[in-house]
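Shown next, in structure tokens, is the structure this report addresses.
All ligand and atom numbering here is 1-based and tracks the order in the structure.
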Amino acid sequence: MATIIVSFGVPSDGFRSLYENNHTVHIPPAGVRFSREEMLALLPEADAVLACTPFPREMVEAGRKLKLIVCYGAGYDAIDVAAATEHGIAVVNIPETVTASTAELAIAHMMSMARRLRELDGLVRTMQPKELFVMGRRMGTRLEGATLGIVGMGRIGGRVADFGRVMGMRVLYTARTPKPERDALGDEHVDLETLMKESDFISLHCPHTPETHGMISRDMIALMKPTAFLVNTARGAVLDEEALIDALREKRIAGAALDVYIGEPNVNPAFFELDNVQLTPHIGSNTLATRNQMAQAASEQMLAAFSGRPLQNLLNPEAIRSL
Ligand code: NAP
């Protein structure tokens with residue numbers, strides 16, 4: 001029977017099939033993570049890991065029996081895939097499980113900023129009604145007819161574009177490869193400069209890679225319309241946070257919404273001083289339905305690996321070849 005480590009106390013209903021197959025699952029209490037020391041102590045006996053927290057080279061190397069690392073979600077930038085490949089350890093992710101909930105969050109952020117929900121909720125609690133219930137003041141932005149710019153037209157970007165189109169938005173997008181299926185729907189493939197200049201809402205959905213690191217740079221942010229909003233549910237390091245803080249402070253853009261940060265779980269305190277930014281703590285996939293689906297998908301990948309069946313979303317096929 002196999003030994004499995006789940007590095008964080010995530011909702012665990014979806015791990016039932018692992019217990020039913022008599023595997024041993026080490027998982028910390030709900031909401032708690034295994035410390036680095038606990039991980040390094042458990043890893044030598046582990047056959048598979050569900051990496052809900054960063055998984056650097058030292059952990060890969062401590063996993064002397066490891067066959068499989070499952071990334072708990074879509075973005076695998078915190079897993080040292082190259083080290084795993086060197087050691088013949090397969091790495092998979094489970095991106096389909098998080099597409100809907102992350103796209104819904106991006107849209108929620110967009111709508112909330114467009115209609116000033118944070119600000120107005122505060123005012124309803126504190127302001128005299130006769131000063132507040134006034135037509136023509138504190139007006140919002142309509143999404144219908146606005147231009148939505150999707151940076152990274154993959155699973156999540158595609159879903160956000162679908163929502164946008166349903167709401168009557170014009171959709172522009174960037175990606176590395178052509179997307180004829182999106183073009184057929186009327187979405188327009190443009191370069192990043194055009195997208196930054198023309199969009200009213202910009203939503204980031206590319207992975208964090210050496211190529212995308214800092215891609216939404218000071219120069220790119222400077223191209224945005226003063227009425228435009230930026231949403232980042234991708235990864236913090238895809239954008240230049242300092243440049244964004246400057247643009248928000250000087251009101252050169254209308255607003256931003258962030259779910260992800262450079263140096264998470266720390267958030268640059270400069271954001272707390274700004275009322276034109278809304279902040280959430282990396283909750284793209286944080287719905288119970290999604291968490292259960294993630295645990296189930298991760299369990300299926302592990303059961304497949306233990307019984308020699310093919311893996312889905314294998315990120316390093318060369319690791320298997322080197323076995
Ligand atoms: P995906 O299906 O792989 O899509 C990524 C898209 O980004 C692809 O269209 C890809 O282009 C594009 N891309 C890659 N490099 C690019 C570049 N240099 N310039 C422009 N576009 C580029 O991934 P996904 O499932 O949509 O997830 C996207 C990211 O969201 C994840 O990597 C993760 O970091 C983040 N995420 C965050 C949360 C959260 O909780 N906030 C939850 C889930 C995911 P091609 O199609 O041409 O390759």
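- When only non-hydrogen protein atoms are considered, atom 16 (C) of ligand 1 lies nearest to R176 CG, 3.6 Å.
- Any N or O atom pair closer than 3.5 Å counts here, and D77 shares no such pair with ligand 1.
- Salt-bridge annotation for E61 and R57: present, with a side-chain N of the basic residue lying under 4.0 Å from a carboxylate O of the acidic one.
- Of all protein heavy atoms, the one lying nearest to atom 35 (C) of ligand 1 is A234 O, 3.5 Å.
- Given atom 28 (C) of ligand 1, the protein heavy atom at minimum distance is H205 O, 3.4 Å.
- Considering both main-chain and side-chain atoms, H208 never comes within under 3.5 Å of ligand 1 through any nitrogen or oxygen pair.
- Against a heavy-atom cut-off of under 4.0 Å, H282 is close to the following atoms of ligand 1: 39 (C), 40 (O), 41 (N).
- Around the OH atom of Y76, the shell of radius 6.0 Å holds no more than 12 heavy atoms that belong to other residues, nucleotides or ligands.
- With respect to atom 46 (O) of ligand 1, the closest heavy atom belonging to the protein is K179 NZ, 2.5 Å.
- Within ligand 1, counting atoms from 1 as listed, the ones closer than 4.0 Å to a heavy atom of V98 are 43 (C).
- Compare N313, L195, D259 by their heavy atoms: the one nearest to atom 41 (N) of ligand 1 is in D259.
- Qualifying salt bridge (charged side-chain N to carboxylate O under 4.0 Å, His left out) partners for R165, counting only residues two or more places apart in sequence or in other chains: D162, D187.
- Protein heavy atom at the shortest distance from atom 1 (P) of ligand 1 is R155 NH1, 3.7 Å.
- When the options S101, A237, P207 are ranked by their closest heavy atom to atom 32 (O) of ligand 1, first place goes to P207.
- Taking only nitrogen or oxygen atoms, main chain and side chain alike, M153 reaches within less than 3.5 Å of ligand 1.
- Ring orientation note: the planes of H213 and H208 are tilted relative to one another, at an angle of 30° to 60°.
- Distances from atom 6 (C) of ligand 1 to the heavy atoms of G157, G154, P281 show the closest one on G154.
- Under a 4.0 Å N-O distance rule, the pair E273/R249 does not qualify as a salt bridge.
- Checking only distances, T99 never comes within under 3.5 Å of ligand 1, N or O to N or O.
- Within a 6.0 Å sphere centred on CZ of R115, other residues, nucleotides and ligands contribute 12 heavy atoms or fewer.
- For atom 21 (N) of ligand 1, the nearest protein heavy atom (residue, atom name, distance) is A175 CA, 3.6 Å.
- Residue, atom and distance of the protein heavy atom nearest to atom 30 (O) of ligand 1 are I156 CD1, 3.8 Å.
- Considering backbone and side-chain atoms together, T102 places no N or O closer than 3.5 Å to any N or O of ligand 1.
- Inclusion of C206 in the set of residues having an N or O under 3.5 Å from an N or O of ligand 1 is not warranted.
- Surrounding CD of E37 are more than 12 heavy atoms belonging to other residues, nucleotides or ligands, all under 6.0 Å away.
- Counting only heavy atoms of the protein, atom 36 (N) of ligand 1 lies nearest to T233 O, 3.7 Å.
- At least one N or O atom of G284, backbone or side chain, sits closer than 3.5 Å to an N or O atom of ligand 1.
- None of L230, I253, V231, I221 except one satisfies the side chain to side chain contact (heavy atoms under 4.5 Å, CB included) rule with I202; the exception is L230.
- Between E131 and R137 there is no salt bridge, since no side-chain nitrogen of the basic residue lies less than 4.0 Å from a carboxylate oxygen of the acidic one.
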